[in-house]
Amino acid sequence: MSIFVDADPHARIEPNILYFGTPVVLLSSMNEDGTPNLAPMSSAFWLGWRGMLGLGSRAKTAHNLIRTRECVLNLPSDALATAVDRLALTTGAHPVPDRKWERGYRYVPDKFQRAGLTATPSETVAPPRVAECPVSMEAVVEAVHPVGDDGGTLAFEVRVQRVWVHEEIRMAGTVDRIDPDAWRPLIMSFQKFYGLGAQVHPSTLASIPEHLYRGKDLERARAL
């Protein structure tokens, strides 16, 4: 007897991006001149106290992580959507890389000021934490892995060294547990901001045409 249904409920599509929904991270790192950089990203996941971060190889944050091997992963709540969106289409790289210039990015040297957020000292790494973010994780880079064949994307394996949280998201009566009913992470799904429910804020990134994200892996999959 076949285990397959007669009518397939799926439709084959070719989306330009596969960002089905992940937490937003404000990644802080140190520039060559000793100033902090702050970059929003959402290609991140965690395994134990290790994290995997996907970044463009030409991004200022990627250069900083390769050079210093340090960063802080700051997780904003959905209440910080407006602050995060102020960083959209900005870069700490000067001159602006060609692909980002094509998408409308501009150079902003002080990302904390641009976002209206507060830098607070870290304990084990040089990059600062974001005071307003309910979660901050100090981390060091353990490995860098190229993704794809064109060298345009890197996966950074980071090891967390300190975890800081706001008291209001700590589970009552515990020392080291997060209360998921109190923690409301900011989520990005297909370039739009969400909480754990409806969209919470318009996203400037959604102004970028999705075809600009089309990569070689999609063309390779089409040939199968």
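FYI, the numbering just counts along the sequence from 1.
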Phe190 and ring-ring contact (aromatic ring centres under 6.0 Å, His included): which single residue from Tyr19, Tyr213, Phe20 fits? Phe20
Verdict with reasoning, Glu123 to Glu138, per side chain to side chain contact (heavy atoms under 4.5 Å, CB included): CA-CA 8 Å; Glu123 189 173 276; Glu138 301 176 18; 3.8 Å; yes
Could you check whether any side-chain heavy atom of Trp183 comes within less than 4.5 Å of a side-chain heavy atom of Ser77, counting everything from C-beta outward? yes
Would you find more than 12 non-hydrogen atoms of other residues, nucleotides or ligands less than 6.0 Å from Trp46 atom CH2? yes
Straight-line distance of Thr91 OG1 to Lys111 NZ, nearest 0.5 Å: 5.5 Å
Taking atom CG of Leu154 and atom CG of Leu53, what is their separation to the nearest 0.5 Å? 11.0 Å
Shortest non-hydrogen contact from Leu117 to Ala83? CD2-CB, 4.0 Å
Salt bridge or not for Arg170 and Glu167, using N-O below 4.0 Å? yes
Taking side chain as C-beta onward, heavy atoms only, is Leu80 less than 4.5 Å from Val130? no
What's the separation between atom CG in Asp181 and atom CD1 in Ile169, rounded to the nearest 0.5 Å? 12.5 Å
Report whether Val84 and Tyr194 are members of the same hydrophobic cluster (ILVMFWY, side-chain heavy atoms less than 4.5 Å apart, transitive linking). no
Correct closest heavy-atom pair for Val200 and Asp78 would be CG2-O, 4.1 Å
I'd like to check Val165 versus Val135 (side-chain heavy atoms, cut-off strictly below 4.5 Å). Are they in contact? yes
Between Ser29 (side chain) and Leu65 (backbone), is there a donor-acceptor pair under 3.5 Å? no
Tell me if a side-chain donor or acceptor on Ser136 pairs with a main-chain N or O of Trp164 at a distance below 3.5 Å. no
Output, in order, the C-alpha distance, side-chain angles, deciding distance and verdict of side-chain hydrogen bond (donor to acceptor under 3.5 Å, both in side chains) for Thr35 and Asn31. CA-CA 5 Å; Thr35 60; Asn31 298 319; 3.0 Å; yes
So for atom CZ, which belongs to Arg99, do other residues, nucleotides or ligands contribute more than 12 heavy atoms lying within a distance under 6.0 Å? no
Output the distance between atom CD1 (Ile187) and atom CG (Leu196), rounded to the nearest 0.5 Å. 6.0 Å
Where the side chain of His201 meets the backbone of Lys192, is there a donor-acceptor pair that is under 3.5 Å apart? no
Close side-chain approach of Thr120 to Arg129, heavy-atom, < 4.5 Å: yes
Considering all heavy atoms, the nearest Leu26-Cys133 contact: CD1-SG, 4.1 Å
Gap between atom NZ of Lys60 and atom CZ of Arg58 - 0.5 Å precision: 15.5 Å
Would you call Val72 and Met137 a side-chain contact if the rule is heavy atoms closer than 4.5 Å? no
Got Phe156 and Leu55 here, is their nearest side-chain heavy-atom distance under 4.5 Å? yes
I'd like to know if Val108 and Trp101 are part of one continuous hydrophobic network [Ile/Leu/Val/Met/Phe/Trp/Tyr, side-chain heavy atoms within less than 4.5 Å]. no
I'd like to know whether NE2 of His145 has more than 12 heavy-atom contacts from other residues, nucleotides or ligands below 6.0 angstrom. yes
Is it true that Met41 and Leu186 fall in one hydrophobic cluster, defined by side-chain heavy atoms closer than 4.5 Å? no
Single-linkage hydrophobic cluster, 4.5 Å side-chain cutoff, Trp49 and Leu73 together: yes
Report the C-alpha separation of Leu38 and Leu27 in whole Å, then their side-chain angles, then the decisive distance to 0.1 Å, and conclude whether the side chain to side chain contact (heavy atoms under 4.5 Å, CB included) test is met. CA-CA 6 Å; Leu38 189 64; Leu27 195 59; over 6 Å; no
If you take all heavy atoms of Ala131 and His166, which pair is closest and at what distance? O-NE2, 2.9 Å
Interatomic spacing from CG in Leu212 to CD1 in Ile17 - rounded to 0.5 Å: 11.0 Å
Using the rule given for side chain to side chain contact (heavy atoms under 4.5 Å, CB included), can you reason through Asn64 versus Glu32, listing the C-alpha separation, both sets of side-chain angles and the distance that settles it, and then say yes or no? CA-CA 8 Å; Asn64 287 348; Glu32 295 88 343; 4.2 Å; yes
Would one find more than 12 heavy atoms of other residues, nucleotides or ligands at under 6.0 Å from atom CD of Gln113? no
Between Val96 and Lys100 the two heavy atoms that sit nearest each other are CG1-CB, 3.9 Å
Can you confirm whether Arg67 is buried at CZ, in the sense that more than 12 heavy atoms of other residues, nucleotides or ligands lie under 6.0 Å from that atom? yes
Arg159 side chain reached by Val140 side chain, heavy atoms, under 4.5 Å: yes
Quick check: does any side chain N or O of Thr22 sit under 3.5 Å from a backbone N or O of Ala44, one acting as donor and the other as acceptor? no
Are Val158 and Met52 connected in a single hydrophobic cluster, I mean Ile/Leu/Val/Met/Phe/Trp/Tyr linked by side-chain heavy atoms less than 4.5 Å apart? no
Side chain to side chain contact (heavy atoms under 4.5 Å, CB included) for Leu89 and Ile208? Distances and angles first, verdict last. CA-CA 9 Å; Leu89 303 185; Ile208 299 176; 3.6 Å; yes
Looking at side-chain heavy atoms only, is the closest gap between Met171 and Pro180 below 4.5 Å? yes
For the student: nearest non-hydrogen atoms of Cys71 and Pro127, plus distance: CA-CG, 3.9 Å
